[in-house]
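Residue numbering restarts at 1 for every chain, and letters A, B, ... go by the order of the sequence lines. The analysis underlying the following values was restricted to heavy atoms, covering all of them including side chains, and did not include hydrogens, waters or symmetry mates.
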Amino acid sequence: MAPSSSSGLTFKLHPLVIVNISDHYTRVKTQLNPPPSVAAASGNGHGGDVAFQQNPRVYGCVIGVQRGRTVEIFNSFELLYDPITDILDRSFLEKKQELYKKVFPHFYILGWYSTGSDAQESDMHIHKALMDINESPVYVLLNPSINHAQKDLPVTIYESELHVIDGVPQLIFVHASYTIETVEAERISVDHVAHLKPSDGGSAATQLAAHLTGIHSAIKMLNSRIRVLYQYLVAMQKGDIPCENSLLRQVSSLLRRLPAIESERFQDDFLMEYNDKLLITYLAMFTNCSSTMNELVDKFNTAYDRHT
Amino acid sequence: ASDGIFYYDDVAQAKFQQEKPWANDPHYFKRVKISALALLKMVVHARSGGTIEVMGLMQGKTDGDSIIVMDAFALPVEGTETRVNAQADAYEYMVEYSQTNKLAGRLENVVGWYHSHPGYGCWLSGIDVSTQMLNQQFQEPFLAVVIDPTRTVSAGKVEIGAFRTYPEGYKPPDEPVSEYQTIPLNKIEDFGVHCKQYYALDITYFKSSLDSHLLDLLWNKYWVNTLSSSPLLGNGDYVAGQISDLAEKLEQAENQLAHSRIGGIVPATLQKKKEDEPQLAKITRDSAKITVEQVHGLMSQVIKDILFNSVRQ
Amino acid sequence: KGMKKHTAIDKWNTQLKSLSQSISNRVC
């Protein structure tokens, strides 16, 4: 397997796809391994094939859009694996595709997904079978084993490339790098479930705390990454590690991009927004004062039995 | 153990269906548990509709007085507020989708429907109440979920509500206590007329152990999106609409003041319900909500400006 | 740009002015 893809495509993966695959796997695994209370009640034991039941493989399709060189994977749906033909059930796939087209007409089948620690040789059969739907499908592989020591997402995206190996041209899987892309609503709901926030209003203080905590956590992440880079550069300067010119060029280019925006137009827009918000706050304060004033006047009139 | 909720026991579910404990108690179901996947799917679908109301169905099961929503799928139906039982347009789709889902191992039945109220809050309109009553007549147990994708983006938290209707003519012994929410002027009548015909269920969320692990790791990637997002962008029309609505409510309140002896105040001794709160006080709350959301957005913009634009070579 | 928002804010401002006038009329 070649280390990385040379297609030049940019892959963007949405969190919904990851949660979808995770849910599919969890569901299949739980059905094969019922909770102890249910298993005891029904008298079912786990039987022989424990290893298979522990980590069943699930399969599905990933859908999204491709705009130029950017492939954005938005969603996925489950498929059936036909063990006789060793490929995904085609009629089922077409039926599902038809159903999804009605609701998401702009999404196309971009590839397929499965679970496991690494791509198998047999996965290429499935991959090739999808090539009549998509000329260059992607393969999204999720490793379902939970390892708390790992910091990287256990999701790998593979593309297929034609390589000549021992004089024989053959398709092999190559790693493709990807970024996580979210739409605003998706990011908010991922945050919501990740931190299990209550959906009720909460007080203004709670809302403010939640909002600022989010920003604080993001800035903390940025800070930690900058520190790592800084320490790496210091070590390079000291000579502890060999000088890496490409990294130095990247860091230099990044630094030269700051300040991020410094145009007059941005300043105008920014200050306009700023003043609009101050104006809204001012008017809200006046509204509050008017309400309080009205209550006072009423109480005064009631106390002194005044009629309007 | 936390993944046990994902197991579908068809025997237990069939038994529950036969017993029908909800038949004798209109208030039987009190809680809703929504999976991370279902929430994500519903919110993303609702937002994709923009200002158009979209709808879908939810699949799941029951557990005592809780309805557990495991998954959701979109329906090819739009404008749910234009007719009762809009999902009738998609019956064929529903049947086909449910059948394919069952083949793929999604054994749960449909337990409810969700739809979006873009920008006007989570409650049931007259049409929604009629639709849900019909559903509860023929498809129990059934739940109605409403999502406001516009307010979700504006407030930075998911705006969602889960409801069940009472049977026709039923009067609940206690007034349902509901959280105050801003209702636009053009929807207030629809809201007020029907608000006593349904009650809200408590919503909680759950996720699998693998979901938790993946979501923790996802943070290492999407913190960039958190930092780069801004609730002020993309919601300009909604904010303008909210302020305009506020101004109209002020006009209405002023007219009331001019024509009443007491300026809308009900003495505390006579104030039984929150609805007796003076209209001006409600308007003040609405204006505070708009302001808080705008100020939150501004805060993040100012922080980012200081962070990225105050660096000098 | 922002016309809608500014128009709405202006409306709010006008109504507040009118409201404050109504309230002060009730004092006397």
Side-chain angles (χ1 to χ4, degrees), chain A residues 15-16 18-20 22-23 26-28 30-31 34-35 38 78 80 95-96 99 102-103 144 146 151 153 180 182 184-190 192-194 196-197 199-201 204 207 211 214-215 218 221 258-262 273-274 277 280-281 284 287-288 291 294-295 297-298 307-308, chain B residues 3-4 6-7 9 36-37 39-40 43-44 47 74 76 93 96-97 100 104-105 149 152-153 156-158 160 179 203 205 207-211 213-215 217-218 220-223 225-227 229 232 261-263 265 280-281 283-284 287-288 291-292 294-296 298 300 303 308-309 311:
Chain A
L16 176 58
I18 300 172
V19 176
N20 238 339
S22 162
D23 177 84
T26 305
R27 189 169 19 96
V28 168
T30 318
Q31 268 329 110
V38 176
E78 296 144 15
L80 296 176
K95 205 169 185 182
K96 271 287 204 189
L99 289 170
K102 286 182 184 167
V103 189
I146 298 173
K151 298 288 173 210
L153 265 176
I180 296 292
T182 60
E184 186 63 11
E186 193 177 8
R187 186 192 63 76
I188 291 169
S189 33
V190 165
H192 199 90
V193 291
L196 286 180
K197 288 180 191 166
S199 63
D200 66 352
Q207 282 180 53
H211 176 75
I215 300 175
M221 289 295 276
L258 296 172
I261 312 173
E262 216 184 11
E273 281 290 334
Y274 195 103
K277 301 315 163 232
I280 289 169
T281 312
T287 309
N288 192 13
S291 173
N294 179 53
E295 285 180 34
V297 166
D298 275 334
H307 301 270
T308 51
Chain B
D3 293 352
F6 288 86
Y7 179 77
D9 188 345
L37 174 69
L39 181 73
L40 208 51
V43 171
V44 168
R47 185 62 177 166
Y93 181 94
E96 266 187 60
Y97 194 97
T100 53
T152 293
V153 171
K157 61 177 179 67
V158 178
I160 187 170
E179 189 199 321
I203 302 178
Y205 305 97
K207 51 193 179 192
S208 67
S209 48
L210 183 57
D211 284 341
H213 177 62
L214 291 171
L215 287 168
L217 293 175
L218 255 177
N220 292 333
K221 303 275 183 185
Y222 82 83
W223 65 268
N225 303 66
T226 301
L227 203 50
S229 72
L232 298 181
R261 181 177 159 262
I262 302 170
I265 288 273
L280 257 187
I283 293 168
T284 308
S287 67
T291 310
V292 159
Q294 294 299 297
V295 169
H296 282 180
L298 181 68
S300 53
I303 289 168
F308 298 111
N309 290 341
V311 178

- Message: Holding to side-chain hydrogen bond (donor to acceptor under 3.5 Å, both in side chains), I want the full list of residues that pass it with B:Asn225, two or more places apart in sequence or in another chain.
- Response: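 B:Asn225 satisfies side-chain hydrogen bond (donor to acceptor under 3.5 Å, both in side chains) with A:Thr182 only.
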- Output all residues satisfying side-chain hydrogen bond (donor to acceptor under 3.5 Å, both in side chains) with B:Ser287, sequence neighbours left out; order by chain, then residue number.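 Expected list: none.
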Can you confirm whether [X] sits close enough to [Y] that some side-chain heavy atom of one is under 4.5 Å from a side-chain heavy atom of the other?
X	Y	result
B:Ser208	B:Phe6	yes
A:Asn20	B:Leu37	yes
B:His213	B:Ser209	no
B:Leu232	A:Lys277	yes
A:Asp23	A:Arg27	yes

Looking at chain B, which one of [options] has the largest number of heavy-atom pairs inside 4.5 Å, strictly under?
options	result
A:Thr281, A:Ile215, A:Ile188	A:Ile188
A:Leu99, A:Val103, A:Val19	A:Leu99
A:Arg187, A:Glu78, A:Lys102, A:Glu184	A:Arg187
A:Ile18, A:Val28, A:Thr287, A:Thr26	A:Thr26

Portion of [X] that has a non-hydrogen atom of chain B nearer than 4.5 angstrom:
X	answer
A:Leu80	side chain
A:Glu262	side chain
A:Val190	both

- Sort B:His296 into side chain, backbone, both or neither according to what part of it lies under 4.5 angstrom from a heavy atom of chain A.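 For B:His296, the contact with chain A is made by backbone and side chain together.
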- Task: Check whether B:Leu214 gets within reach of chain A through its side chain, its backbone, both or neither, counting any heavy atom under 4.5 Å.
- Result: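 Both parts, heavy atoms under 4.5 Å.
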Contact winner vs chain A - [options], heavy-atom pairs under 4.5 Å:
options	value
B:Val292, B:Asp211, B:Thr152	B:Asp211
B:Thr100, B:Leu215, B:Leu227	B:Thr100
B:Tyr97, B:Trp223, B:Phe308	B:Trp223
B:Ile303, B:Asn220, B:Val295, B:Leu39	B:Asn220

- Message: Quick check: closest heavy atoms across A:Val193 and B:Lys207, and the distance to 0.1 Å?
- Response: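 In this case the closest contact between A:Val193 and B:Lys207 is O-NZ, 2.8 Å.
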- Message: Keeping B:Asn309 on the side-chain end and A:Ala260 on the backbone end, is there a donor-acceptor pair under 3.5 Å?
- Response: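 Between the backbone of A:Ala260 and the side chain of B:Asn309 there is a qualifying donor-acceptor contact (under 3.5 Å).
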